[in-house]
Amino acid sequence: MSQHKLLDELTWRGLIHQCTDQAGLAKLLDSGQQTVYIGFDPTASSLHVGSMMQLMMLRRFQRAGHRPIALVGGATGMIGDPSGKSEERNLLSAEQLQENVQGVANQMRCFLEFEGSSGAILLNNFEWMQHYSYLEFLRDVGKSFPVGVMLGKESVRARLESEAGLSYTEFSYMLLQAYDFVHLCRQHGCRIQAGGSDQWGNITAGIDLGRRMLGEQLFGITAPLLTTSDGRKMGKTESGAIWLDADRTSPYQFYQYWRNVEDADVMRCIAYLTEIDREEYQALAEATANDPGRRAAQNRLAEWMTDLVHGADGLNAAVRASKILFGGEIGTQSDASLGEIFADVPSSEVDRKRLADDGYWIVDALQATGLVKSGGEARRAIKDGGVYLNNVRVTDQQQHLTESDLASETVMVFRKGKRNYALLRFL
RNA sequence: GGGGGUUUGCCCGAGUGGUUAAAGGGGGCGGACUGUAAAUCCGUUGGCUACGCCUACGCAGGUUCGAAUCCUGCAGCCCCCA
């Protein structure tokens, strides 16, 4: 067991899946500030929950005084990493990549400090790969890659055995990532590469290349993948990935995702993704075991994560929205605050004149919201007690809505069932 | 090419002339319970300002007071013979 603080922390958090030479790494880390790198795939203009493990890993190194490099794979992204992928990937266009690199870079500011003596460095491997000629690359890099070793890599073998096969392009991916490591070692003295466990093959390829080309001893460390107790990848819902970009996944949705993590997964999430310390971790684990209904761990996880990614304001908004969306009184609100709370809720516009005279029949209103498909369904829903106006149960099928039913200047809030909301704006 | 079978609501599947808007199950949607969980229980599940009317049992016609049910033609699927 290492006596090293950082490695101890990573160990108790369960973040060390594999490590090329843990004793050597501990010695290296003790010898002074080191530079660590992790690569990020710019397949979209936003990072998602899956990347958070990696960002947090860099952050942990940075907090321990080391310098992180976040490498955005502008070049490797053009090729596509076959690791863990069952099929050949579609190539991204250069413009799309440029846009993605930009978006991803911005989000990293939540996780990493870019100023100071251990300030993070953001690099794009397109910068050094774009002018590297094919012939030069083959002579410099390709020469150091025995095909036998490459064929032995899990990522390659799995694909060769599958029906999908593997193109030469994807086969070559490993060389590019391996060369990144060498380049970073040369230019930035980077001797450590971290990553998810699916990156082991690529990382060790880089270490081999470093030994051959530079005679340097490089180090690799991988973290386990973040999966649920039944083996599915975390960060996905039926409706898609959980993104870090507030425009793709609102702070409220983000917050709710973590609040709803299964008991069986929550402690692992806290260990892997947060900086909640060991004492509090123990306390939360006990609280979950003794009183699971309180969801103390989930609440803390959601709070910590939302605060990190969306800041105090985002967290506040998410908490406020959660209170109301889960049945709290709506009372009298302003359009602005309702708009914020119900940002994720579909809304439709209705002519304000409908509220005049006899008013707007509730059955018609429900159809206008899209919560029901027909008048019959609306009547049934009311009869079953499943319809709420401004979070108050509707009991009268003949109710007609007037201006006095508005929750704010122009909005009425409809709900069917526990949490299907829709807004009507009367303009 | 010849013979036989089959086609039902979101899905599976009963129903062979009338009380069938169509049993039963699944799924969905509500409600109760609960931990914003799981399990369980209950209700509901074509449309319509609605004790009534309209549309529906592959499609199009026909028989009948009355058809998902009988007849004819067409189409889809399945099996057997060539």
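Chain A is the first sequence line, chain B the second, and so forth, proteins listed ahead of strands; every chain is numbered from 1.
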Determine the Euclidean distance between corresponding P atoms of B:G9 and B:G47; express it in Å to zero decimal places. 16 Å

Among B:U36, B:G35, B:G31, which nucleotide has an atom closest to any side-chain atom of A:R393? B:G31

May I have the distance from A:N260 (atom CG) to B:A38 (atom P), rounded to whole angstrom? 10 Å

In whole angstrom, give me the gap between the C1' atoms of B:A67 and B:U20. 11 Å

Could you identify the nucleotide paired to B:A22, looking across every strand shown and requiring Watson-Crick or G-U wobble geometry with both distances under 3.5 Å? none

Roughly how far, to the nearest 0.5 Å, is CZ of A:F171 from OH of A:Y168? 8.0 Å

Describe the nucleic acid contact of A:R294 in one word from base, sugar-phosphate, nothing, applying a heavy-atom distance below 4.0 Å. nothing

Any base atoms under 4.0 Å from A:Y388, or only sugar-phosphate, or nothing? Heavy atoms, all strands. sugar-phosphate

Expressed as a whole number of Å, how far does the P atom of B:C70 sit from that of B:U6? 10 Å

Measuring from the side chain of A:K416 (C-beta onward, heavy atoms only), which nucleotide among B:G30, B:U44, B:U36 has the closest atom? B:G30

Counting side-chain heavy atoms from CB outward, which of B:C48, B:U44, B:U49 is closest to A:Q367? B:C48

Pair A:L355, A:M412 - check side chain to side chain contact (heavy atoms under 4.5 Å, CB included), show working. CA-CA 11 Å; A:L355 297 176; A:M412 283 187 202; 3.6 Å; yes

Rounded to whole angstroms, how far apart are OH on A:Y421 and P on B:U36? 14 Å

If you measure from the C1' atom in B:A23 to the same atom in B:G15, how many Å do you get, rounded? 8 Å

Integer-rounded Å distance: B:A37 C1' and A:N299 CG: 13 Å

Taking only residues two or more places apart in sequence, or in another chain, which ones meet A:F181 in a ring pair (Phe, Tyr, Trp, His ring centres under 6.0 Å)? A:Y37

A:L366 CG to B:C29 P, in whole Å, measures 17 Å

Answer yes or no: side-chain N or O of A:Q256 and base N or O of B:U36 forming a donor-acceptor pair under 3.5 Å. yes

Want to settle it: does A:V363 or A:N420 sit nearer the 5' end of RNA chain B, counting the closest nucleotide to each? A:N420

Passing candidate, salt bridge (Lys or Arg N to Asp or Glu O under 4.0 Å) with A:R63, options A:E113, A:E275, A:E9: A:E275

Are any of A:R380's side-chain N or O atoms less than 4.0 Å away from OP1 or OP2 of B:G47? yes

For residues 308-321 of chain A, dump all side-chain donor-acceptor pairs below 3.5 Å to protein atoms at least two apart in sequence or in another chain.
unit_1	atom_1	unit_2	atom_2	d
A:R320	NH2	A:E340	OE2	3.0

A:R379 CZ to B:C48 P: how many Å, rounded? 8 Å

Considering only the C1' atoms, how many Å lie between B:G27 and B:C12, rounded to the nearest integer? 10 Å

Atom pair distance, as rounded to whole Å: NZ in A:K418 and P in B:C33: 8 Å

Between B:G1 and B:G66 - P atom distance, rounded Å: 40 Å

Give A:R295 one of three labels, base, sugar-phosphate or nothing, depending on what nucleic acid heavy atoms sit under 4.0 Å from its own. base

Rounded to whole Å, please give me the gap between CG in A:D396 and P in B:U49. 16 Å

In whole Å, what separates the P atom of B:G61 from that of B:G13? 29 Å

If I take atom CD in residue A:Q298 and atom P in nucleotide B:U36, what distance separates them, rounded to the nearest angstrom? 11 Å

Between the CZ atom in A:R59 and the CD atom in A:Q54, the distance rounded to the nearest 0.5 Å is 15.0 Å

Which value, in whole Å, describes the distance between the C1' atoms of nucleotides B:U69 and B:A56? 15 Å

Residue among A:W243, A:Y257, A:F40 satisfying ring pair (Phe, Tyr, Trp, His ring centres under 6.0 Å) with A:H48: A:W243

At 4.0 Å (heavy atoms only), tell me whether A:G293 reaches a base, stays on the sugar-phosphate, or touches nothing. base

For the side chain of A:S374, starting at C-beta, report the closest nucleotide among B:G47, B:G31, B:U49. B:G47

Please give the nucleotide sitting opposite B:G30 as a Watson-Crick or G-U wobble pair, both distances under 3.5 Å, or none. B:C42

Does B:C70 have a Watson-Crick or wobble partner in any strand here, with both distances under 3.5 angstrom, and which is it? B:G62

Write down the partner of B:C77 under the Watson-Crick or G-U wobble criteria, each distance required to be under 3.5 Å. B:G5

Select from A:G375 and A:D384 the residue whose nearest nucleotide in RNA chain B is closer to the 5' end of that strand. A:D384

So A:D291, base contact, sugar-phosphate only, or nothing? Heavy-atom distance under 4.0 Å. nothing

